[in-house]
Amino acid sequence: QVQLVESGGGSVQAGGSLRLSCASSGYFGVGICMAWFRQAPGKERERVASIDTEGRISYESSIWGRFTVSQDNAKNNLYLQMNSLEPEDTAKYYCAATYSTTCTNFDYWGQGTRVTVSS
C-alpha cells in the first residue's frame, strides 16, 4: 500500500508563496504517476499538476507560470512550489498517486493540506 502525507499548507496574503510537500512510502518498482489536486468549497476537485511515469509534467491552465511541480530522485516525494498566490487558489490540496501509465484512476490519496490566500 502506498501512503501519502501532505504538508506545507497555511494562510498567506495574495502574492505570497507556499511550498507543499508530499511524503510517500510504498513500492514504486514499476513506476508511479503522482499528482496534486485541489478542491475549494462548492467546487469540483481539479488536477493542479502531475508527473507521469515517464517524467512528463502537466499543469492546469489557471496556475500556469505560477506553480512548479517537482519530484525527488527516488520519485517517492512530490513538491508543489506555489508563487504569486491568488485568493482563487484557496482550497484543500491533495497528493495522489497511481501506477497507471495514463495517470488516471488514482488509487492513493493523502489527507490533504489546506491553503488559504487572503486578498
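- Rounding to the nearest 0.5 Å gives a distance of 11.5 Å between OG of S119 and CD of E86.
- Proximity of E6 to L20: side-chain heavy atoms (C-beta onward) are nowhere separated by under 4.5 Å.
- Interatomic distance, CZ of R47 versus CH2 of W36, reported as 14.0 Å (0.5 Å rounding).
- Residues satisfying the side-chain contact (heavy atoms from CB on, under 4.5 Å) criterion with T101, sequence neighbours excluded, are T53.
- Each disulfide bond (SG atoms under 2.5 Å apart) pair with one or both residues in residues 56-88, not counting sequence neighbours, would appear here, but there are none.
- With sequence neighbours excluded, the residues that form a side-chain contact (heavy atoms from CB on, under 4.5 Å) with T104 are S100, T102.
- In the hydrophobic cluster analysis, where Ile, Leu, Val, Met, Phe, Trp and Tyr join through side-chain heavy atoms closer than 4.5 angstrom, F67 is grouped together with V69.
- To the nearest 0.5 Å, atom CG of residue L78 and atom OG of residue S70 are 7.0 Å apart.
- Nearest approach of C103 to T98, heavy atoms of both residues: CA-CG2, 4.0 Å.
- Within the structure, disulfide bond (SG atoms under 2.5 Å apart) pairs that include any residue of residues 46-94 do not occur (at least two apart or interchain).
- Taking A40 as the reference, K43, A91 meet the side-chain contact (heavy atoms from CB on, under 4.5 Å) condition, with sequence neighbours excluded.
- Judged as a disulfide bond (SG atoms under 2.5 Å apart), the pairs with a partner in residues 71-102 (not counting sequence neighbours) are, in order, C22-C95.
- Scored by the side-chain hydrogen bond (donor to acceptor under 3.5 Å, both in side chains) test, Q81 finds N83 as partners (sequence neighbours excluded).
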Would you mind writing out the side-chain donor-acceptor pairs for residues 108-115 within the sub-3.5 Å range, not counting sequence neighbours?
from, atom 1, to, atom 2, distance (Å)
W109, NE1, F106, O, 3.2
T113, OG1, G9, N, 3.1

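- Residue pairs that meet the side chain to side chain donor-acceptor pair (under 3.5 Å) test with at least one member in residues 55-67, sequence neighbours left out, are R38-S62, S50-S58, D52-R56, E60-S62, R66-D89.
- Using a 4.5 Å cut-off on side-chain heavy atoms (C-beta onward), I51 and M34 make no contact.
- At a threshold of 4.5 Å between non-hydrogen side-chain atoms, the residues N105 and Y99 do not count as touching.
- Under the 4.5 Å side-chain heavy-atom criterion for grouping Ile, Leu, Val, Met, Phe, Trp and Tyr, V5 is not connected to V2 through any hydrophobic cluster.
- Two residues are said to be in side-chain contact when any heavy atoms from C-beta on lie closer than 4.5 Å; L4 and Y94 fail this criterion.
- Distance CG/L85 to OG/S118: 10.5 Å, rounded to 0.5 Å.
- Contact annotation: the side chain of D72 approaches that of Y79 to within less than 4.5 Å [non-hydrogen atoms, C-beta and beyond].
- The closest donor-acceptor contact from the side chain of T90 to the backbone of V117 lies under 3.5 Å.
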